[in-house]
Structure formats: C-alpha cells, structure tokens
K.L.:
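The structure's right below; bear with me while I get my questions together.
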Protein chains: 4
Amino acid sequence: MPNANPRSGDSQPAVRRRGRPRGDEARVAILEAAYAVLEEGGLVGFTIEGVAARAGAAKTTIYRWWPSRESLAVAAFLSVALPRISFSTTGSAANAIRSQMRRLVAVYSGKTGRVVRDLVAAGNSDPTAAAAFVESYVRQRRQAVREVLQRGIDAGEFRAEIDMEAAIDALYGPVFYRLLVGHGPLEKAWTMSVADLVLDGLTPDPFSAPGEEHFNANSLDPLSAGPIPSS
Amino acid sequence: MPNANPRSGDSQPAVRRRGRPRGDEARVAILEAAYAVLEEGGLVGFTIEGVAARAGAAKTTIYRWWPSRESLAVAAFLSVALPRISFSTTGSAANAIRSQMRRLVAVYSGKTGRVVRDLVAAGNSDPTAAAAFVESYVRQRRQAVREVLQRGIDAGEFRAEIDMEAAIDALYGPVFYRLLVGHGPLEKAWTMSVADLVLDGLTPDPFSAPGEEHFNANSLDPLSAGPIPSS
Amino acid sequence: MPNANPRSGDSQPAVRRRGRPRGDEARVAILEAAYAVLEEGGLVGFTIEGVAARAGAAKTTIYRWWPSRESLAVAAFLSVALPRISFSTTGSAANAIRSQMRRLVAVYSGKTGRVVRDLVAAGNSDPTAAAAFVESYVRQRRQAVREVLQRGIDAGEFRAEIDMEAAIDALYGPVFYRLLVGHGPLEKAWTMSVADLVLDGLTPDPFSAPGEEHFNANSLDPLSAGPIPSS
Amino acid sequence: MPNANPRSGDSQPAVRRRGRPRGDEARVAILEAAYAVLEEGGLVGFTIEGVAARAGAAKTTIYRWWPSRESLAVAAFLSVALPRISFSTTGSAANAIRSQMRRLVAVYSGKTGRVVRDLVAAGNSDPTAAAAFVESYVRQRRQAVREVLQRGIDAGEFRAEIDMEAAIDALYGPVFYRLLVGHGPLEKAWTMSVADLVLDGLTPDPFSAPGEEHFNANSLDPLSAGPIPSS
DNA sequence: AACTAAGCGAGACGGTACGTCCCGTCTTTAG
DNA sequence: CTAAAGACGGGACGTACCGTCTCGCTTAGTT
C-alpha cells in the first residue's frame, strides 16, 4: 500500500519532485468513498469501479496509488478507524481490560464489526493488505493491551511469568473468533465471562498473593469510558 | 445449503421416480474437484467454471445442487474433512484438551488451515454457507469439547460454575484468531501457553480443590493420537 | 472472421451439435447495429462497446464470433452490401463498363463510399479483416468486370492480348485512388474521362479493327440501370 | 496541421516574441522518434506517449505543436520523405513516366509503402491531416507528372485534348489501388502493363500521329534513375 | 540585475475502450 | 428427468492511451 499516507513521517517538505504533485483531493475523496462503499455493501459490493464512481475519480487514479481492491479497503478503514478504544489508566489493570473489552465488543457488534470481518477476509486474498491491516491496526491495539498487562504485573496484580502474547491472544482471540466465525453473538455477559476466566488465569494463587478482588465488574470504573468510534 | 447431501434422511429406495436417476458420479466428481481446486488455488481460484471443467461436469449440474460458490466450497470441505481430531478419553480432561489442541494447531498449520481460513472468509459473503459451516463443522467440534469439559467438571477437575461456551471460546478463540488474522504463527509452545492459561482459569482454587497437576504436557497421553486428516 | 455467415455453403442441417445452438437474433442484431454505428460514426466511432450497447448484446457475444473490431466491421458491411452494382448485358462491353462505373461512382460518393474507405483503413490494422474484405467484396466485383471484358474480347471489341488484371486495375484504380486519398472529387465527367482513356487503350488500332464508337457516353444504355444499394 | 513547420514561409525573423524561443532539438527529436515509431509499429503502434517516451520529450510538448496523432504522423513522414522520385528529363515523356512508375512501385513495395498506407488510413480519421498529406505530398508529385505529360503533349507524343487530371489518376490510381486495398502485389510486370495500357490511351491514333514506339520498356532510359528514398 | 513570458520535462488526473474472466440463466441434444 | 454442451446478457477487472492540468526548471528577451 504505497503512499497510503505519504504525508506522515519524514519532514522534508522541500523535496518537491518534478511534475504535478499529487493532489490531496483525489486521495481523500477516494478514501472516503471507499469507506462508505465498504460500510454499505461489504466486501461483496466493494468494487474499484464503484468507489471510483462515488469518488468522482478515475479508476486509473485509484490503481496509481493502491495496488488492489483489498489494500484500498484496508487503507480506507485505517484512514477512518484510527481513533482507538482506549484503556482506563486509573483503577486496576484487570478492570481496565474488562471495561475496554466491553466497549470493544460493543463496537464490534455494529458496523465496525462488519467492516473488520470484511477486512480480515480481504486479507485472505491479498497478503500485502493483510500485513498492512495487522501492522497498522492489530499490532497497535495489542501494544496498548501489552502495556496494561505490564502495569498489572508491576502492581503484582498478574503473575510475573505470564506469556504476554499468549495472554493477549487468550483475551481477544475469543472476540475475533465469534466476530469472524459467527457461531455465537458478541454479548456483554459472555464477554465478561471470558474476561474473568482469562484474568483468573493471569492472577497469582490467592493464598500467596491475594490480588485486588473484583465484585461487580459491570459497575466498576465508571470513569473509564473512553472515546468510542461512531461506527 | 439445500441438497448438499440429498441422500441422507428418507429411506424409501423403491420409490424410483421417472427419468434418469441422479448419478452419484457427478456429485462425487464435483465435490472432489471442488476440494482440489480449493486446496490448490484458495478461494481466489475457486470458480464454478473451474470446478466444472476439472470435474468434467456441466455448470448447470453444479447449480442444480449447490446454490452458490460458497456453499459448494463448504460442502466440498465437509465431504473431505469430516474425520475429526478426537480427544483422548483416558487421563485428565485438561490433558485431553491440551493434546487435542496441539494436534489441531498442527493440522491448522498446514493446507487444512488455509482451507478453513478460506471457508470462514467465504461465509462472509454467503450467510447460508456460513451457517452450514458452523452447523456442520464448528458446532460438532465444540460439542466434543463440551463433553470433555463436562467430564472435567464431573471429576472435580474444573469448577462447576464455569460458563461452558465462554470456556470453549477462550480455549479455541486464540487459535482461530491467529489462523484468521495472521498476526502470529500457530506454534506449539504458544498453544501450550494459551491452554495452560485458560485451563488455570477453569481450575478450582488450589487450597479448596487441588486438581490433578500436569508436569510434562508434551509427553503425556501418548496413546491419544486420534486420526488426523491428511490435509 | 469465423462463422461470419455460417449458414452459407454446406447443407448438412442435421449435424446439430450439442449445446444451445447459436441464436440468429443476436447475430443479426449485432450486424445491424454494427453497420448502423459504422455508417453514423465511421471507424472512429466504431467501438465494440458501442455496437454491443446498440444491439442489446453482450460484448462477450461479439468476441465469441468476431475476433476483432475490424472483422466485425467488414462482416457488417458484407451482410448489408452484398447487392452489387450490376453490369448491363446488352449493348457493347465498353458501354456496359462505362455505365457501371458511373453508377459505382455515384454510390461511392455517398455513405457507402465513406464506409468502404473506413473498411480499407480498417484492413490496415487487421490483415485478416483485409483479406476477408478483398475475398468477399473486391474479388467478386472484379470477377464481374473480368467477364464483361472477356465478352468484349470475344466480340473483337477489345484486343485479345490485354493483361486482364492490369486492365481492371486501370479502370477501377482511379476510383479507389480518389475515394481513399481524397485529392479530388468523384465526379461523373471525370469518371467518363478515365473510362474513355482506359477503354481507348484496350481497343484495337482503328485501321485494323474499328470497334464500335461511342458518341454520347452519358445518354447511352438507358436500360442498363441495375439495382443500386440504398447506401 | 498548423505549426508543422513554423519556420517556413514568413520571413520576419526579427519579430522575436518574448519568452524562451522554441528549441529545435525537441522538434527534431519528436519528428525522428515519430517516424521511427511509425515505421516500426505502423499506425497501430503509433501513440503520442510512445513517441514522447522515445523522443525523451513531454507529451505536452507534442500537443503544443501538433494537434493530433494523425498530423504528427503526417509531419513526421513529410520531414523524412520529401526527397521525391524524380522523372527523367531526357528521352520521351512516355518513357520518363514508365521508368518513374517502375521506381515508385519499387519504393512502395517496401517500408515506405507501409507508411503511406498508414497515412492514408490516418487521414480517414483526421481530415486536417489528410489535407496536409494531400497538399504536401500528393499534389506536389502530381504536379511533376503534370509537367511531364505537358512535355509529351508539346512534343506531339500525347493527344492535346486529354483530361490531364484523369490521365494522372489513370496512371497512378492503379498503384494506390493495389497498395491500399491489397488485392494484388505491386510487381514490375504489372506496372508496365498498366503504364502501357494507359499511355496507349494517351497516344494519338497511329495513322494520324505515329508517336515514338517503345520496344523494350525495361532496358530503356538507364540514366534516369533518380534518388530513391532509403525506405 | 531583476523581471517576465514562453519552452520544456515530469507526472497527476478524469476519462474511454479495450479484451478477458467469470457469473448465472437459458436452450438444446444425449442418455 | 439428469446431465453435458455451449450460447447468451451482464458486471467488473486491470491496462493502455487519451488529452488536460499543474508543477519546477530553463532560456531568453525587456525594463
């Protein structure tokens, strides 16, 4: 996905190559149209021609910047979905994770979930797009979880020797599992069951290190509500 | 996916309707060709015309029995992949789960994983096919896990009040997460970390009910190796 | 240009191959649309997509039967323009030629001339189409001229030792020259000058074989007016 | 074809407009590249982008000076092909014509013929280019023929009342006919047949004015070989 | 010397048509 | 009635060029 966001990073505005510079209007119009099409019709209805028509752009302009349908879809998603679901920084790590998962599941139950599902499927037929999705979306979110887990470890809330990656997969794998396979709904109660179960596995044995107990997961941490994408 | 297996059910072989009877040859040839195509080219290369050509069948014959590309793919997979990865019935439930997960991950690391990934993606654009996949493949396997979990509960190995569905999702969700999203490899060590973590969450607190400990997960249960699809 | 006219020739109507037989409707609709487009917009406006749209046919159907834009153009012309400009069979051969040339030039001054010009140009970029045009259109017309010339030779009107092909080229070459290069108009008087000039070259020396003289080329042979394509 | 050769004609070199004067390098590079492309790929392969790339020029520079692909092609041809096939000025007019036709046909049998064919076709889709081709190429050559014919008339070799334009068309029409329509090859023997036939029509009746006879057309006029384009 | 207009290369852009792949439906013959 | 064959209308693909446009740089005059 070359140039998906050519402005980021390097700050040499004077490098000015020859020829007419790339216009931002086309780029933005295409990405917005792409996201709209993706949300409306899913991957099935997501055609380059459709996006071009809606963006008022030429197909060639799209192909100039994005090598495939899939990478355009990913780029469109990333340009819109970057506002992430944040973690509470107060209270226990376990509760921060619980409340974030609750909100994540709420978001994934809506349009955004549909789109994420489509993007994962898209990655199936374009490894490059899959890599972009993982690098720009998945990895970043996992990093945030990693930090919260580390905070929990530092506070003695979680065992020190846990396999961090496995822990993250254990927490969020079930959510993606249901989102992608669709064998069951993404419900709040189920989410809490999964969270409690895995967090319990992360917690030290009670007699040796009695961590903070949680009594009513749902009513805890009322201030932690971070921004939720409009989805 | 109507007619995926029209022979099952009713047992009145003498009714013999008029006209040329449906030949099994075409059905079998199509399913075999379909699976071969699916395995070779993935969903991308999986076209009705391609399957018809390879099967020496007419497109119409395919359309007569399967409503869509996706449901044909699912049917082809089911006709081949039904031999499941079984659980050991001796030893502890936890170890049965551990060893089965190990073998499942091994299988999903190969061609079968590729195909399963494709089928989940296919389900994305054909809800009917998705439902068939879930009903015939996912649910059945989850049922087997459910039974092992119940055995563990009955034996006092696992807590009685666990949320069964959440537990299954917590165990297998991470595997599908990595299989489908592809942010990390399906490795044996990782699998064991996840299994241990979640199983720990299922185990009663040690002071109240010290369940059977596992010492060497890898060498346990040497007899449990069930049939593994050729994949 | 395979199958441009599959009905002609062989008469084995019972050979009936398997599969849905080729429908005449599509073929006819395409040829008619093609000719209409050709006449309206010339070669420039002659696009497969345009023809398909006007014919209510799919592009694939066109490509199934005609390998190129050019061969479609030729086929369309041939399906319409086969009614030829005939020769008078009464009177002198010279006068038959004169009157036919007059009518040919009249026809080539109209839409038909435009189309013929386009077809010759088309042949430039598709040798196959060029060959088809020559075989089906040019050769046949030349054959008719050849017969008239032979009649003239037999009657002693023309010299016996003339180079037949050269004679035909000398008579009609000038017409195509002006039609294609466009350096001068196709006018009646000019046509008669050319005809007289060349026919004079074909005539035996007057003292040895005084052929029939023509006095008023324009008023001769009033009965010879054959059918003229509507062009 | 405005500006095809903006330096020619008006002789006010002092008018010097402001700004950077037009450089000859680009003009020459473009014309040379254009002719090369035309000769290599014919009209089909003749694209503005191709010429620009080969010339190392920008498309805009081409569009600044030539309004269309066709006019560029004509300009490129004219810049190269101006050396004409000259007529012998000694001997009879008839023999001058005969030998020039022989050489013309030889040239048209090679690459130059291909190019001329393409240019005539090009004229079909751009009347302006067609006009330029006729004015700069065809007319000039016809003028030369006209002079030779006049010489013949003055010498009593040809009839005085001949229609000059018709005579030229009768002589050269057959050559273009075969070149453009391609129904027969451009051969020496055929050329001589045509020339003899038409020249015979131009000659006064033998008893009244026995013009110079030609006995061995091929060996006559060995000195008349004018410059022949390399083609 | 500074200014200004044009020439020129580069390349972005909206656009048209291409020729191809596959879709899903249909009409026919063979068994 | 099933099955194979294949014609057909259709949608989208990814590509090649089109002709226009906006840039930066260069090359001369003019002031």
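No experiment lies behind these values; they were computed from the predicted model shown. Below, read A as the first sequence line, B as the second, and so on, with proteins coming before strands; counting in each chain starts at 1.
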K.L.:
Both A55(C) and E49(C) contact DNA chain F. Taking the nearest nucleotide for each, which residue is further toward the 5' end?
P.N.:
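Its nearest nucleotide lies further toward 5', so the answer is A55(C).
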K.L.:
From the set dA3(F), dC18(E), dC13(F), return the single nucleotide nearest to any side-chain atom of I48(C).
P.N.:
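Comparing dA3(F), dC18(E), dC13(F) against the side chain of I48(C), the answer is dC18(E).
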K.L.:
Mind checking whether F133(A) and V116(A) have side chains closer than 4.5 Å, heavy atoms only?
P.N.:
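SC-SC contact between F133(A) and V116(A) confirmed.
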K.L.:
Give a yes or no on whether a salt bridge exists between E49(C) and K59(C), defined as a side-chain N under 4.0 angstrom from a carboxylate O.
P.N.:
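Salt bridge: yes.
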K.L.:
Nearest to the side chain of K59(D), heavy atoms from C-beta on, is which of dT27(E), dT15(F), dG19(F)?
P.N.:
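Selected nucleotide: dG19(F).
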K.L.:
With respect to the side chain of T60(D), which nucleotide from dG15(E), dT25(E), dA10(E) is positioned closest?
P.N.:
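The answer is dA10(E).
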K.L.:
According to a strict under-4.0 Å criterion, is W65(C) in side-chain N/O contact with OP1 or OP2 of dA7(F)?
P.N.:
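Looking at the OP1 and OP2 atoms of dA7(F), neither is under 4.0 Å from any side-chain N or O of W65(C).
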K.L.:
Keeping D126(D) on the side-chain end and R69(D) on the backbone end, is there a donor-acceptor pair under 3.5 Å?
P.N.:
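No; zero donor-acceptor contacts below 3.5 Å.
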K.L.:
Find the distance I30(A):CD1 to dA12(E):P and express it as a whole number of Å.
P.N.:
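It is 13 Å, rounded to the nearest whole Å.
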K.L.:
For the side chain of R69(A), starting at C-beta, report the closest nucleotide among dC13(F), dG24(E), dC21(F).
P.N.:
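The answer is dC13(F).
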K.L.:
Measure from the side-chain heavy atoms of R20(C) and tell me the nearest of dC26(E), dC8(E), dT20(F).
P.N.:
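Among the listed nucleotides, the one closest to the side chain of R20(C) is dC26(E).
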K.L.:
Starting at CG of D24(D) and ending at P of dA6(E), how long is that distance when rounded to a whole Å?
P.N.:
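Rounded to the whole Å, the gap is 20 Å.
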K.L.:
Starting at the 5' end of DNA chain F, which residue's closest nucleotide do you reach first, T61(C) or G56(B)?
P.N.:
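By nearest-heavy-atom nucleotide position, the 5'-most residue is G56(B).
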K.L.:
Kindly say whether L43(C) contributes a backbone atom to a donor-acceptor pair with the side chain of D118(C) at under 3.5 angstrom?
P.N.:
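At least one qualifying donor-acceptor pair exists.
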K.L.:
Using a cut-off of 4.0 Å on non-hydrogen atoms, how would the nucleic acid contact of G50(A) be classed: base, sugar-phosphate, or nothing?
P.N.:
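Nothing, no heavy atom under 4.0 Å.
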K.L.:
Assign A57(D) to base, sugar-phosphate, or nothing according to its heavy-atom contacts below 4.0 angstrom with the strands shown.
P.N.:
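Counting heavy atoms under 4.0 Å across all strands, the contact made by A57(D) is with sugar-phosphate only.
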K.L.:
Between dA5(F), dG9(E), dC13(E), which one does the side chain of A58(D) approach most closely?
P.N.:
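Closest nucleotide to the A58(D) side chain: dG9(E).
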